[in-house]
Amino acid sequence: MTLDTYDKIMMLAKRRGFLYPSFEIYGGSAGFYDYGPMGTRLKENLENLWRKYYLLKDANIEISTPTITLYDVLKASGHVDEFTDLTVDCKQCQTSFKVEDIIDENQTVEEAVANDTVTCPDCGSKLSDAHPVNLMFSTEIGIGKTRDAFLRPETAQGIFTGFHLLYRYAREKLPFGVVQLGKGYRNEVSPRQGPIRMREFSMAEAEIFFDPENKSHELFNEVKNHKLYLFDNVNEMKISMEKAVDEGIINNQALAFYMYMTQSILLDAGVDPKKFRFRKHADDELAHYAKECWDAELFSERFGWVECVGIADRSAYDLNAHITASKTDMYALRRYDEPKRITKKQIVPKMNVLGPEFKQRAGIIKEKLESMDAENIPYPITIKVNNEHINIPDNCYDIEEITETVPGDKFVPHVIEPSYGIDRVLYCLLEHNYYEETKNDELYHKLLLPPSMAPVKVGVFPLISDEKLIKIAKKLDKTFRENDIFTTYDDGGSIGRRYARMDEIGTPFCVTVDFESLDDNEVTIRNRDTTEQQRVPIDEVIKQIKNQLEKK
RNA sequence: GCGGAUAUGAUCUAGUGGUUAUGAUAGUGGCUUCCCAAGCCACUUACUCGGGUUCAAAUCCCGGUAUCCGCACCA
């Protein structure tokens, strides 16, 4: 049996508590994984690195919205119509079938439905009422009288549906960005790529709202000399952000800036630069609403180049969709230097006349009058109410000239969306940092994770399990944890075995208490990457380790 | 979803229609003044599920489920 890197990684992940197949005791289910103790810590470290960039370096705001999402939201966003397959139900067998699965090869789904030639593969009865079924996980809200809903396929919609509130929170200034980390769900047909394609997955998304006339970024100048690894489907290049924007390879500063953020996060997290690139979507690949899209791809030995982050210019698509569907005001305002004063005519209904005259129809008449263009009023005014044409006498309204102050132009902001598949990044991190060698004819592996990512920072051991050493080691272990440093205390087995266990989960440092420590109050720090050892006074060990952890 | 293959402790694996189902690794406890998976002793954990054939099924048959491979599908 030959194991590829994926097999080795997944075995290590299971053995050492990174990833477990979910529900395994009941046979498991493809597309679901449990994060074990180490995986949970690693994921948290990655997410916090992400937050460091998106909340601190680029001062965005973070929100958290429901994973269960109302039908109407996803209808408006286009997900309801895009994620569907035609399905028929057999009432005899109480079964549902995908139309494309049960029709003859020589006809299309459309033809089969149009010609009514769909039959049940089990009982042979004729099936009709083909209806689309969505590939999103659906559910219902409430009992009895329910509302349709789905588990969200992306976190972004929660940001868009709150845009008007968030825009206000951001003091009505653009650009501003809103981020969300959380789970997304897709009922994949056949998820056979382990943690690369999951049915329930973690994503980190940012929606940065811009004035479409100004997609510059405040911090661009600060970082414009950074080089990005780009691939335009033909050539790979390493090119400065400034040059890429100047030459039009990347459309605008904002897009380039979030590519820089993405590259920095991934490389900081421990991605191998040789296995990293941004790939530009070809024109025929672009979603119809996207102007430009770059994927950050990480190379995996089994899966090839894996799309782990998508950075798309989604223009105004989503906000427009929600404005149309919900009738909510989701416009932003581009203020003039000086507010403009605009004089215009307006019809002002006189309700004291309209009311007695038209009774219950007065309300509708008022609305219609107000919505008329006061510059071009027909005479006499005729208003149609319930198929009845009503002449409105002059004494029912005034035409007033009013002066309005207009502060600026209303427009729908554009959005740039960096969207991270956390689980994919995490798997690639394991793969990129997996290192193996043969030691005494035995395979020896390490995870060479950056110390900042490592789930456990320090292993604390007594050299042998002697009460005197154990006492000191346990106390030292406690002191580490009091200083917010994650540790593993271990006094089982030989010292080499304990080092090996720590190497496997990527623990950068091990501290060992030995018999000499009893005399000289010094302990040994052992470095994961070099296996070199260093004697350090026990009082300084916390400080030393802290320094080394902060180095990168 | 279709076709094919597979399913034995945490992992890898042996096995035959018939007594207590291999072995290794890992794990746990103990011994060892032990710095890179050392040694010795002891211990824990398994035949994918359901039905059938049979005196007897982990083994043969049927079905379910899951996984893997190919095809199809796929932000």
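Proteins come first, then strands; the chains are lettered A, B, ... in the order of their sequence lines, and each starts at number 1. As the structure is a prediction and not an experimental result, all values here were calculated from the model.
- The salt bridge (charged side-chain N to carboxylate O under 4.0 Å, His left out) test with A:E297 is passed by exactly one of A:K280, A:R424, A:R277: A:R277.
- The side chain of A:R16 lies closest to B:A37 when the candidates are B:C35, B:A37, B:C74.
- Aromatic pair A:F303/A:Y6: centroids less than 6.0 angstrom apart.
- With a 3.5 Å ceiling on both atom-pair distances, the Watson-Crick or G-U wobble partner of B:G1 is B:C71.
- One interatomic measurement links the two molecules: NZ of A:K468 to P of B:C34, which rounds to 14 Å at whole-angstrom precision.
- The C1' atoms of B:G70 and B:U59 are separated by 29 Å, rounded to the nearest whole Å.
- The A:I464 side chain lies nearest to B:C34 when the options are B:C34, B:C69, B:U11.
- For A:Y434 and A:H445, the ring centers are positioned less than 6.0 Å apart.
- Rounding to whole angstrom units, NE2 of residue A:H445 and P of B:C36 are separated by 19 Å.
- Using N1 to N3 plus N6-O4 or O6-N4 for Watson-Crick, or N1-O2 and O6-N3 for G-U wobble, each under 3.5 Å, B:U59 pairs with nothing.
- Rounded to a whole angstrom, the distance from the C1' atom of B:U44 to that of B:G51 is 33 Å.
- Residue-to-nucleotide contacts include no donor-acceptor pair under 3.5 Å from the side chain of A:R186 to the base of B:C74.
- A:D491 comes within 4.0 angstrom of no nucleic acid atom, judged by non-hydrogen atoms across all strands.
- When heavy atoms are screened at a 4.0 angstrom cut-off, A:E504 is found touching base atoms of the nucleic acid.
- For A:M198 and B:A75, the CE to P distance is 19 Å, given to the nearest whole Å.
- For the C1' atoms, the distance from B:C61 to B:G23 is 31 Å, rounded to whole Å.
- In this structure, A:F32 and A:F137 have tilted ring planes: the angle between them lies in the 30° to 60° band.
- Of all nucleotides present, none satisfies the Watson-Crick or G-U wobble test against B:U54 with each distance under 3.5 Å.
- Applying the 6.0 Å contact sphere to CZ of A:F486 captures no more than 12 heavy atoms from other residues, nucleotides or ligands.
- Ring to ring, A:F209 and A:F163 are close: their centroids are under 6.0 angstrom apart.
- Judged by Watson-Crick or G-U wobble contacts below 3.5 Å, the nucleotide B:U65 has B:A7 as its partner.
- One atom, CD1 of A:I505, and another, P of B:A37, lie 17 Å apart when rounded to the nearest Å.
- Comparing the P positions of B:U13 and B:C71 gives a spacing of 25 Å, expressed to the nearest Å.
- Nucleotide B:C36 holds its C1' atom 15 Å from the CZ atom of A:R528, rounded to whole Å.
- B:A7 and B:C12 have their P atoms separated by 13 Å, with the value rounded to a whole Å.
- On the P atoms, B:C62 is 13 Å away from B:U6, given to the nearest whole Å.
- Nucleic acid contact for A:E307: base, since at least one base atom lies under 4.0 Å from a heavy atom of the residue.
- A:Y489 and A:D491 share a donor-acceptor pair across their side chains, judged by distance under 3.5 Å alone.
- At B:A38, one or more side-chain N or O atoms of A:S494 fall inside 4.0 Å of OP1 or OP2 (strictly under the cut-off).
- Heavy atoms of A:D514 sit under 4.0 angstrom from at least one base atom.
- Among the atoms of the strands shown, base atoms are found under 4.0 Å from some heavy atom of A:Y444.
- Figure legend. B:U16 is base-paired to no nucleotide; pairs are counted as Watson-Crick or G-U wobble with both atom distances under 3.5 Å.
- Among the nucleotides B:A75, B:G27, B:C35, the one closest to the side chain of A:Q533 is B:C35.
- Applying the Watson-Crick and G-U wobble criteria (two distances, each under 3.5 Å), B:A38 pairs with nothing in any strand.
- The side chain of A:R302 sits closest to B:C69 out of B:C35, B:A10, B:C69.
- Checking A:F515 against A:D295, the closest nucleotide of RNA chain B that is more toward the 5' end is the one next to A:F515.
- At least one donor-acceptor pair under 3.5 Å links the side chain of A:T40 to the backbone N or O of A:Y35.
- Across all strands shown, A:S419 has no heavy atoms under 4.0 Å from either base or sugar-phosphate atoms.
- For the pair A:D81 and A:K75, the salt-bridge criterion is met [side-chain N within less than 4.0 Å of a carboxylate O].
- Residue A:A500 has its side chain nearest to B:A37 when only B:A37, B:C36, B:C35 are considered.
- Between A:R501 and the phosphate of B:C36, there is no side-chain N or O to OP1/OP2 separation shorter than 4.0 Å.
- The CG atom of A:L463 sits 14 Å away from the P atom of B:A38 (whole-angstrom rounding).
- Atom CG of A:D529 is separated from atom P of B:C36 by 18 Å (rounded to the nearest Å).
- Between A:R497 and B:A38, a side-chain N or O to OP1/OP2 separation shorter than 4.0 Å is present.
- Rounded to whole Å, the C1' atom of B:C74 lies 43 Å from the corresponding atom of B:A37.
- Between the side-chain ring of A:Y499 and the base of B:C35, no stacking contact exists by the 5.5 Å and 30° definition.
- B:C47 is unpaired under the Watson-Crick or G-U wobble criterion, no partner having all donor-acceptor distances under 3.5 Å.
- Atom NE2 in A:H79 sits about 16 Å away from atom P in B:C74, given to the nearest Å.
- Side-chain atoms of A:R498 and base atoms of B:C36 include no donor and acceptor less than 3.5 Å apart.
- Comparing B:U16 with B:C60, their P atoms are spaced 10 Å from each other, to the whole Å.
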